[in-house]
Amino acid sequence: MNWDSLCFNIATLIAGAFVLDFGADKFIDHTVIVGQRLGISPTLIALLTAGAEYEELAVIVAAILQHRSPLALGNAMGSAISNILGAFSLGLLCHPDRVDFDSSAKMYSVLLLSVTTLFVALAFFHQLNRVTGGILIGVFALYIMSIGYAIYRGITQPTYLSDSDNDDELPIADAERPIGPSTSENSPLLGNANPPQGTITTVEETDRNPPRPLYQHVFQLLLGLLALSLSGYILAHSAGAVADSLHLSGTVFGLTVIAFATTLPEKLLSILSGFRGQGGIIVATTAGSNIFLLTLCVGIVAVAGIPVDEADTFLLFDLATVWMSSLCFTAVVFLGPSRLAGLVLLAAYIVFLVLEFTVYKR
């Protein structure tokens with residue numbers, strides 16, 4: 001084993017994860033601002049940002065371009081597992097037991113279980129091909145349209161909480177805006193959870209903090225997109241090199257290390273939402289992220305083609321873990337939040353990681 005090469009690729013992997021998080025923050029935040037400036041529907045903006053897994057999408061596309069489809073598929077599956085057993089469990093540990101999930105949360109959980117069942121069935125019977133990949137992408141499009149229609153009809157509400165942690169600037173409002181939660185131009189999806197009662201930003205404060213020109217936000221959006229593309233290439237390339245050095249399959253590395261690194265923002269978001277008692281946001285972002293992964297991301301991998309290599313593909317254990325985690329997620333949502341359930345799910349995630357590196361390392 002070349003230790004110098006291994007250490008370099010591990011360092012590159014870590015640096016790529018930081019660039020990935022930076023690019024995702026820039027892209028999501030300024031996409032929202034540009035959309036608001038251009039008069040695009042806030043519902044559409046929320047659907048395209050909150051709960052979307054652009055980090056994983058960047059890594060998956062880069063892995064496919066480098067002919068590492070097993071790494072891409074492993075990242076999608078591992079991120080789906082990590083979102084529930086890792087991020088959702090942390091949210092439960094921080095969430096007050098007395099606050100039950102609402103009907104919208106239950107709807108999201110049932111929808112996720114249905115999508116997961118479809119994916120597991122296709123994968124189990126080796127039917128992930130270009131045709132079924134196109135069907136999965138179509139299912140994602142139908143999901144976006146149906147949730148948008150439900151929001152339009154007032155059945156549910158969009159999730160206005162981003163996994164971005166850039167919330168440094170104060171909100172900007174005009175004198176006639178009603179008192180209540182407001183949003184920041186620097187992190188427009190993340191509002192103030194507990195705004196001071198009776199306070200409102202005046203016109204003078206707005207004059208002291210004028211909004212930036214639109215072209216600056218467009219530049220920041222393109223910068224975020226460039227960072228996402230660059231980090232996806234770095235992560236996919238360095239992950240493949242590390243997996244080869246450690247004699248691990250790309251699928252295992254994508255299921256564990258890459259999935260854990262790319263879902264760190266979701267884990268932080270779940271902890272924050274849990275402390276605030278925002279159970280609906282925890283459920284919606286978890287379900288939305290996994291639907292994004294198991295339809296759009298897996299569909300792209302299937303359309304691109306998955307090489308037949310029994311030594312570097314998913315196992316029944318992986319598929320069972322994906323489906324069982326979704327089933328446990330649905331059960332917790334219907335039965336109500338519990339710190340004990342969060343502890344059990346977190347322990348199951350640790351067991352999953354250990355088994356992937358030992359028994360199922362391929």
Side-chain angles (χ1 to χ4, degrees), residues 1-29 52-83 86-87 163-166 220-269 289 293 297 300-301 304 306-307 309 311-314 349 352-354 356-358 360-362:
M1 182 184 296
N2 188 334
W3 286 99
D4 181 68
S5 176
L6 177 62
C7 292
F8 174 79
N9 284 301
I10 291 176
T12 305
L13 185 70
I14 296 172
F18 280 100
V19 177
L20 186 72
D21 183 59
F22 168 81
D25 283 343
K26 287 287 184 183
F27 179 76
I28 293 175
D29 287 345
E53 294 285 2
Y54 292 108
E55 300 96 328
E56 280 75 10
L57 183 60
V59 175
I60 286 169
V61 171
I64 291 173
L65 294 177
Q66 296 176 38
H67 306 289
R68 291 183 177 272
S69 293
L71 177 66
L73 184 60
N75 180 38
M77 295 172 60
S79 297
I81 295 170
S82 182
N83 281 336
D163 58 5
S164 166
D165 54 6
N166 295 333
Q220 294 288 341
L221 186 155
L222 296 176
L223 178 64
L225 185 61
L226 177 63
L228 273 176
S229 304
L230 177 64
S231 61
Y233 172 79
I234 294 172
L235 280 172
H237 193 280
S238 58
V242 172
D244 293 340
S245 299
L246 297 177
H247 304 290
L248 291 171
S249 74
T251 306
V252 170
F253 210 75
L255 277 165
T256 55
V257 178
I258 302 300
F260 180 84
T262 54
T263 55
L264 283 176
E266 283 73 20
K267 293 177 177 65
L268 296 176
L269 174 60
S289 297
L293 289 166
C297 293
I300 291 174
V301 177
I306 304 174
D309 184 358
D312 197 21
T313 186
F314 48 82
Y349 186 53
F352 165 76
L353 294 177
V354 172
E356 283 290 343
F357 278 116
T358 55
Y360 300 106
K361 63 180 181 180
R362 298 165 183 78

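For reference, positions follow the sequence shown, starting with 1.
Of all non-hydrogen atoms in Leu293 and Ala76, the two that sit nearest each other are CD1-O, 4.0 Å. Shortest non-hydrogen contact noted between Ser82 and Tyr349 is OG-OH, 3.2 Å. Across every non-hydrogen atom of Ser69 and Val301, the tightest pair is O-CG1, 4.1 Å. The minimum heavy-atom distance linking Ile60 with Cys297 is given by the pair CD1-CB, 3.5 Å. Minimum interatomic distance between Leu223 and Phe22 (heavy atoms only, all atoms of both residues): CD2-CZ, 4.4 Å. For the pair Glu356 and Thr256, the tightest heavy-atom approach, listed with the atom from each and the gap, is CB-CG2, 3.7 Å.
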What's the verdict on side chain to side chain contact (heavy atoms under 4.5 Å, CB included) for Phe357 and Val257, showing C-alpha distance, side-chain angles and the deciding distance?
CA-CA 10 Å; Phe357 278 116; Val257 178; 3.8 Å; yes
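In summary, the side chains of Asn75 and Ser79 do present a donor paired with an acceptor at a separation below 3.5 Å, with no hydrogens or angles considered.
For the atom pair CD1 of Ile300 and CG of Leu73, the computed distance is 12.5 Å after rounding to the nearest 0.5 Å. Separation of atoms CZ (Phe8) and CG (Asp4) is listed at 9.0 Å; rounding is to 0.5 Å.
Sorted by first then second residue, the salt bridge (charged side-chain N to carboxylate O under 4.0 Å, His left out) pairs that include residues 58-75, not counting sequence neighbours, are Arg68-Asp244.
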